[in-house]
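Along the sequence shown, residues carry numbers from 1. Predicted model only: the values in this text are computed from it and were never measured.
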Amino acid sequence: MATYIIGAALIAVIALIIRSLIKKTKNGGCIGCSDNCGCCHGHCSSKK
């Protein structure tokens, strides 16, 4: 029984993370810095 509860909680957390990433992408954000300055608006070049 506890295995199912923990599994369900884990699936819910993963679903929330994916939902957050999709929302961020739809709002014009980047999921991660991939040296694509068009995506992060040049913030990558200041870190190099």
Side-chain angles (χ1 to χ4, degrees):
M1 180 78 175
T3 304
Y4 294 117
I5 294 172
I6 292 171
L10 185 61
I11 290 172
V13 168
I14 292 171
L16 289 173
I17 291 170
I18 292 171
R19 180 178 168 212
S20 171
L21 292 173
I22 291 171
K23 277 186 167 183
K24 185 177 180 182
T25 302
K26 283 184 179 180
N27 289 333
C30 295
I31 292 176
C33 183
S34 61
D35 291 330
N36 181 2
C37 291
C39 185
C40 72
H41 308 292
H43 295 112
C44 298
S45 61
S46 65
K47 293 181 181 180
K48 290 182 179 180

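- Applying the under-4.5 Å side-chain rule to Ile, Leu, Val, Met, Phe, Trp and Tyr, the cluster around Met1 extends to Ile5.
- Take Ile17 and apply the side chain to side chain contact (heavy atoms under 4.5 Å, CB included) test, not counting sequence neighbours, and it matches Val13, Leu21.
- With sequence neighbours excluded, the residues that form a side chain to side chain contact (heavy atoms under 4.5 Å, CB included) with Leu10 are Ile14.
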